[in-house]
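Have a look at the structure below, then the notes.
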Amino acid sequence: MDINQNGFVSYGEAYEFLDSGKRIVTSNGRECVEYYAYKDGLPFHTICTE
């Protein structure tokens with residue numbers, strides 16, 4: 001939930017995750033989890049495995 005990875009989860013970051021979904025995507029041959037906003041389907045954070 002710490003989108004900007006500053007060690008603190010703000011109310012805005014928590015709210016983003018409450019109104020979001022996640023999907024599996026492939027980026028540069030790696031499997032990633034992409035978090036997206038329900039309101040428009042646009043991604044706002046992606047986490048890839050090594």
Side-chain angles (χ1 to χ4, degrees):
M1 289 179 63
D2 186 12
I3 296 169
N4 60 5
Q5 298 178 344
N6 67 351
F8 177 75
V9 178
S10 69
Y11 289 113
E13 289 171 322
Y15 182 76
E16 282 288 332
F17 270 89
L18 288 175
D19 194 30
S20 67
K22 66 180 180 177
R23 55 188 165 220
I24 304 297
V25 296
T26 302
S27 177
N28 296 326
R30 298 186 305 172
E31 188 172 282
C32 304
V33 177
E34 181 178 82
Y35 293 91
Y36 65 94
Y38 285 141
K39 64 181 177 184
D40 54 17
L42 297 175
F44 63 85
H45 188 65
T46 304
I47 300 172
C48 297
T49 57
E50 298 278 334

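Cluster membership check: F8 does not share its hydrophobic cluster with Y11, using side-chain heavy-atom separations under 4.5 Å among Ile, Leu, Val, Met, Phe, Trp and Tyr.
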Sequence neighbours excluded and cut-off under 3.5 Å, please list the side-chain donor-acceptor pairs for residues 32-42, or say none.
residue, atom, partner, partner atom, Å
E34, OE1, R23, NE, 2.7
E34, OE1, R23, NH2, 3.2
Y38, OH, S20, O, 3.1
D40, OD1, L42, N, 3.1

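Taken from OG1 in T46 to NZ in K22, the straight-line distance is 13.0 Å, to the nearest 0.5 Å.
With a 4.5 Å cut-off on side-chain heavy atoms, I24 and E31 count as touching.
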